[in-house]
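Everything on this sheet refers to the single structure shown next.
Just so it is clear, the structure is predicted and the values come from calculations on it, not from any experiment.
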Amino acid sequence: MLHVEHLTLHYGQSQILHGIDLRADAGRVTAVMGTNGVGKTSLLKAIAGRHPYTRGTIRLDGSVLDHPTATRAARAGIAYVPQGREVFPLLTVQENLEAGFACLPRTTRGVPDQIWELFPVLRDMRARRGGDLSGGQQQQLAIARALITRPKVLLLDEPTEGIQPNIIQDIGRVIARLRDEGEMAIVLVEQYFDFTWGLADRFVAMTRGAVSLEGAAGEVDREKLLSHVSI
């Protein structure tokens, strides 16, 4: 569903990504792993239209997205949950969710029942301000807001960072359910190895802005992958 070819990206004079190839299929979790600074977040930002890339091609359902902006990427069906969540602290949970309406036709603007099923804690906190939620609750809100856009591709950047263990389990169950529904491709950037190992269908390890190892679950050796993504 999502096909990235030869993606190259610079920050000023520094080259961050060196010809990245990535494929993410619907009904699968594709994990992008590596140590800090190897370009994982830059890759997601390029796909989401948050940062311009220098060369390469991004295809969604076979159609080329030619250097998309964040708005165009969202309207094409790419949802991005950034590291740090970017929840609006002074808006309520309900209002944060409604912020996802911006890229939807007016006739489809509404919070689906599935959101409350996936994140029941948010239903109880609809009138609470985003800044008053715990870190784990804010992460759930950020994912829920992305799902409001009914994406074809869901990009998750470090969803377990700074989250308490019980919420990590909840987030893992949500990702697994979305995968099993088979309607979207999920690209997961994550450094929590055990969480990722138990969830991903395909692994892509990055080193110094390039892919150093990739393969499907069941084909990739755990210890070899661990050696590629550890300092």
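Looking at every heavy atom in both residues, Ala146 comes nearest to Pro151 through O-CD, 3.7 Å. Taking each heavy atom of Ala102 and Arg109 in turn, the nearest pair found is O-NH2, 3.8 Å. Considering all non-hydrogen atoms of both residues, Ala99 and Phe88 come closest at CB-CE1, 3.9 Å. Considering every non-hydrogen atom in both Leu65 and Ala76, the closest pair reads CD2-CB, 3.9 Å. Residue Ala200 comes nearest to Ala31 through the heavy atom pair CB-CB, 3.6 Å, listed as atom of the first residue, atom of the second, then distance. Scanning all heavy atoms of the two residues, the minimum distance from Thr149 to Cys103 falls at CG2-SG, 3.6 Å.
Ile175 is not connected to Tyr80 by any chain of hydrophobic side-chain contacts under 4.5 Å among Ile, Leu, Val, Met, Phe, Trp and Tyr, and they are in different clusters. Hydrophobic clustering of Ile, Leu, Val, Met, Phe, Trp and Tyr side chains at less than 4.5 Å, counting indirect connections, unites Met1 with Ile47. Leu155 and Val189 end up in the same hydrophobic cluster when Ile, Leu, Val, Met, Phe, Trp and Tyr side chains are linked at under 4.5 Å. Taking hydrophobic clusters as Ile, Leu, Val, Met, Phe, Trp and Tyr residues chained together by side-chain heavy-atom distances below 4.5 Å, Leu91 does not share a cluster with Leu97. Following chains of ILVMFWY side-chain contacts shorter than 4.5 Å, one cannot reach Ile143 starting from Val187, and the two form parts of different hydrophobic clusters.
In the displayed structure, Asp113 atom CG is contacted under 6.0 Å by at most 12 heavy atoms of other residues, nucleotides or ligands. In this structure, Arg208 places its CZ atom where only 12 or fewer heavy-atom neighbours from other residues, nucleotides or ligands lie under 6.0 Å away. More than 12 heavy-atom neighbours from other residues, nucleotides or ligands sit within 6.0 angstrom of CZ on Phe101.
Note on Asp25 versus Arg179: no salt bridge recorded, every NZ/NE/NH1/NH2 to OD/OE distance being 4.0 Å or above. Salt-bridge formation is detected for the pair Arg173/Asp170: a Lys NZ or Arg NE/NH1/NH2 atom is positioned less than 4.0 Å from an Asp or Glu carboxylate oxygen. By the 4.0 Å N-to-carboxylate-O rule, Arg126 lies too far from Glu98 to be salt-bridged with it. Between Glu161 and Arg85, none of the side-chain N atoms (NZ, or NE/NH1/NH2) sits under 4.0 Å from a carboxylate O, so this pair counts as no salt bridge.
When side chains are defined from C-beta on, Arg150 counts as touching Pro112, because their heavy atoms get closer than 4.5 Å. When side chains are defined from C-beta on, Val4 does not count as touching Asp21, because their heavy atoms never get closer than 4.5 Å. Arg59 has its side chain out of reach of Leu2: every pair of non-hydrogen atoms, C-beta onward, lies at least 4.5 Å apart. A 4.5 Å side-chain heavy-atom check between Leu118 and Leu178 finds at least one atom pair inside the cut-off. Taking the side chain as every heavy atom from C-beta outward, Phe119 and Gln137 never approach each other to under 4.5 Å. You'll find the side chain of Leu7 reaches within 4.5 Å of the side chain of Leu43, heavy atoms only. With contacts defined as side-chain heavy-atom distances shorter than 4.5 Å, the pair Thr30/Leu188 does not qualify. Side-chain contact between Arg23 and Glu214 is absent, with no heavy-atom pair separated by less than 4.5 Å.
Of the possible donor and acceptor atoms, one in the side chain of Gln15 sits under 3.5 Å from a partner among the backbone N and O of Leu17. At least one donor-acceptor pair closer than 3.5 Å links the side chain of Thr196 to the backbone N or O of Tyr192. Under the 3.5 Å distance criterion, the side-chain polar atoms of Lys40 are matched with a main-chain donor or acceptor of Thr35. With hydrogens and angles disregarded, a donor-acceptor distance shorter than 3.5 Å links the side chain of Asp221 to the backbone of Glu223. The closest donor-acceptor contact from the side chain of Asn96 to the backbone of Thr92 lies under 3.5 Å. No donor-acceptor pair closer than 3.5 Å links the side chain of Asp157 to the backbone N or O of Val81. Judged by distance alone, the side chain of Asp201 and the main-chain N or O of Val29 form a donor-acceptor pair under 3.5 Å. Looking at Ser230, its side chain never comes within 3.5 Å of a backbone N or O of Ser227 through a donor-acceptor pair.
If you take CE on Met184 and CG on Leu154, they are separated by 6.0 Å, rounding to the nearest 0.5 Å. One finds the CD atom of Gln114 at 9.5 Å from the CD1 atom of Ile148 (value rounded to the nearest 0.5 Å). Taking CD1 from Ile58 and CG from Asp66, the interatomic distance works out to 9.5 Å, rounded to the nearest 0.5 Å. Note that CG of Asp194 is 12.0 Å distant from CG of Leu199, once rounded to the nearest 0.5 Å. A distance of 12.5 Å separates CD in Glu95 from CZ in Arg145, rounded to the nearest 0.5 Å. With rounding to the nearest 0.5 angstrom, the CD atom of Gln140 is 8.5 Å from the CD1 atom of Ile163.
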Q: Please report the C-alpha distance between Asp180 and Arg177 in whole Å, then the side-chain angles of each, then the deciding distance to 0.1 Å, and finally whether the salt bridge (charged side-chain N to carboxylate O under 4.0 Å, His left out) criterion is met.
A: CA-CA 5 Å; Asp180 294 345; Arg177 176 173 166 178; over 6 Å; no
**Q.** CA sep, side-chain torsions, deciding dist, call: Lys152, Asp61, side chain to side chain contact (heavy atoms under 4.5 Å, CB included)
**A.** CA-CA 9 Å; Lys152 299 176 181 178; Asp61 286 343; 3.2 Å; yes
Q) Going through the distances and angles, do Arg222 and Lys224 end up as a side chain to side chain contact (heavy atoms under 4.5 Å, CB included)? A) CA-CA 6 Å; Arg222 177 187 172 93; Lys224 186 174 183 180; over 6 Å; no
Q. Is there a side chain to side chain contact (heavy atoms under 4.5 Å, CB included) between Leu133 and Met125 once you walk through the steps?
A. CA-CA 9 Å; Leu133 304 184; Met125 297 184 172; 3.6 Å; yes
Q: Could you walk me through whether Leu225 and Phe193 pass side chain to side chain contact (heavy atoms under 4.5 Å, CB included), step by step?
A: CA-CA 10 Å; Leu225 176 63; Phe193 187 88; 3.9 Å; yes
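Side-chain atoms of Gln139 and Glu158 form no donor-acceptor pair, as typed in the model, at a separation below 3.5 Å.
Pairs of residues two or more places apart, or lying in two chains, that qualify as ring-ring contact (aromatic ring centres under 6.0 Å, His included) and include a residue from residues 22-70 are Tyr11-His51, Tyr53-His67.
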